[in-house]
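The structure displayed is predicted, hence computed values, not measured ones.
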Amino acid sequence: MRSGHRIIRTASIVVALGGAGLAVAPANAAPLPGVCTPVNVVDDICTVRLASVTADVVNGTVTGTPIGSATAITLAGQGDAYLESAGFGDAAPDPIQRWDATIKSVSALDVDPSDPNWYGNAKTRVFMPRTLNDLATQFPPDVLVVGFSADDAQSGTFRLVTIQPRATGWPPPPA
């Protein structure tokens, strides 16, 4: 009888502790920064032009200060967020030309397992954002436009939705 009493007592303790141990707080992403006003936020994606950027190739992030703000933001994203430049025509500065060439060459890589180079090609695609982040540090001021959203995966980092060098004044105002 004593062993049966222990089982009941142990089960009561497990149930009591289990209820408390199972309470999981939801992850909360940091709110969008103050520079994200209703004018530049659509569908919870904030779009800003950065005055300048730095890159962290180890963590795969880019940090920049939005025009009109004193607070830098750190962004991280996948390769599909990186877009070719817009509005420069044939007069794009060399780092922007290399940005475009990198996107074109990497997007053409075949990652089908039947291709003998699939692994190297896939690795190149995965690391493309780090290469482009480094190129972005060489851009003239005020040309990098980013779209980002809150992200609860990395504390202090926003999820990069789009990143694109655009000529100042691009896109042109609607006619």
Side-chain angles (χ1 to χ4, degrees), residues 29-37 39-111 117-174:
L32 291 174
V35 71
C36 296
T37 61
V39 171
N40 59 356
V41 177
V42 176
D43 295 330
D44 296 323
I45 297 171
C46 178
T47 302
V48 297
R49 188 177 288 268
L50 301 178
S52 62
V53 297
T54 59
D56 180 341
V57 293
V58 173
N59 292 314
T61 60
V62 63
T63 300
T65 305
I67 293 175
S69 176
T71 305
I73 54 173
T74 300
L75 309 156
Q78 300 297 317
D80 60 353
Y82 291 75
L83 307 175
E84 290 183 42
S85 67
F88 291 98
D90 294 333
D94 181 61
I96 293 173
Q97 290 179 21
R98 288 187 285 149
W99 169 285
D100 289 344
T102 300
I103 291 173
K104 286 177 188 170
S105 68
V106 171
S107 65
L109 294 175
D110 187 5
V111 293
N117 296 321
W118 75 269
Y119 181 78
N121 292 347
K123 197 171 171 182
T124 300
R125 279 191 178 185
V126 168
F127 285 99
M128 180 187 74
R130 294 169 194 252
T131 301
L132 296 176
N133 289 348
D134 190 48
L135 276 173
T137 65
Q138 302 169 36
F139 290 173
D142 307 340
V143 299
L144 197 60
V145 176
V146 295
F148 61 94
S149 63
D151 188 0
D152 56 4
Q154 292 182 358
S155 178
T157 302
F158 294 98
R159 184 177 58 87
L160 194 55
V161 177
T162 61
I163 181 168
Q164 179 183 42
R166 292 187 199 165
T168 304
W170 188 264

CG (Leu75) and CG (Leu144) are apart, to the nearest 0.5 Å, by 9.0 Å
Taking atom CG of Leu135 and atom CE of Met128, what is their separation to the nearest 0.5 Å? 11.0 Å
If a pair satisfies ring-ring contact (aromatic ring centres under 6.0 Å, His included) and one of its residues is in residues 131-155, list it, with sequence neighbours excluded. Trp99-Phe139, Phe148-Phe158
What pair of heavy atoms forms the shortest contact from Leu32 to Ala150, and how long is it? CD2-N, 3.8 Å
Looking at Asp94 and Arg98, is there a salt bridge between them, counting it only when a charged N and a carboxylate O are closer than 4.0 Å? yes
How long is the span from the CD atom in Gln164 to the CG atom in Leu83, to the nearest 0.5 Å? 5.0 Å
Can a donor-acceptor pair be found, under 3.5 Å and without considering hydrogens, that links the side chain of Asp43 to the backbone of Ile45? no
How about Pro140 and Thr168: do any of their side-chain heavy atoms sit closer than 4.5 Å? no
Can you find a heavy atom in the side chain of Val146 that is under 4.5 Å from one in the side chain of Val48? yes
Taking atom CG of Asp44 as the centre, report whether more than 12 heavy atoms of other residues, nucleotides or ligands fall under 6.0 Å from it. no
Spacing of OG1 belonging to Thr157 relative to CG belonging to Asp152, to within rounding of 0.5 Å: 12.0 Å
Backbone N/O of Thr131 and side chain of Asp134: donor-acceptor pair under 3.5 Å: no
From Leu109 atom CG to Asn121 atom CG, the distance as rounded to the nearest 0.5 Å: 4.5 Å
Under 3.5 Å, is there a donor-acceptor pair between the side chain of Arg125 and the main chain of Gly79? no
Side chain to side chain donor-acceptor pair (under 3.5 Å) pairs touching residues 80-90, sequence neighbours excluded, are Tyr82-Asn133, Ser85-Asp100
Take atom CD in Gln78; do more than 12 heavy atoms of anything else shown fall under 6.0 Å from it? no
Considering only heavy atoms from C-beta outward, does the side chain of Val35 approach that of Thr71 to under 4.5 Å? no
Quick check against the 3.5 Å criterion: does Arg49 have a side-chain atom that pairs as donor or acceptor with the backbone of Asp142? yes
Donor-acceptor contacts, no H, no angles, side chain residues 57-65, under 3.5 Å, sequence neighbours left out:
| unit_1 | atom_1 | unit_2 | atom_2 | d |
| --- | --- | --- | --- | --- |
| Asn59 | ND2 | Asp56 | OD2 | 2.8 |
| Thr63 | OG1 | Thr74 | OG1 | 2.9 |

Criterion side-chain contact (heavy atoms from CB on, under 4.5 Å) on Thr47 and Val145, from CA distance to verdict: CA-CA 7 Å; Thr47 302; Val145 176; 3.7 Å; yes
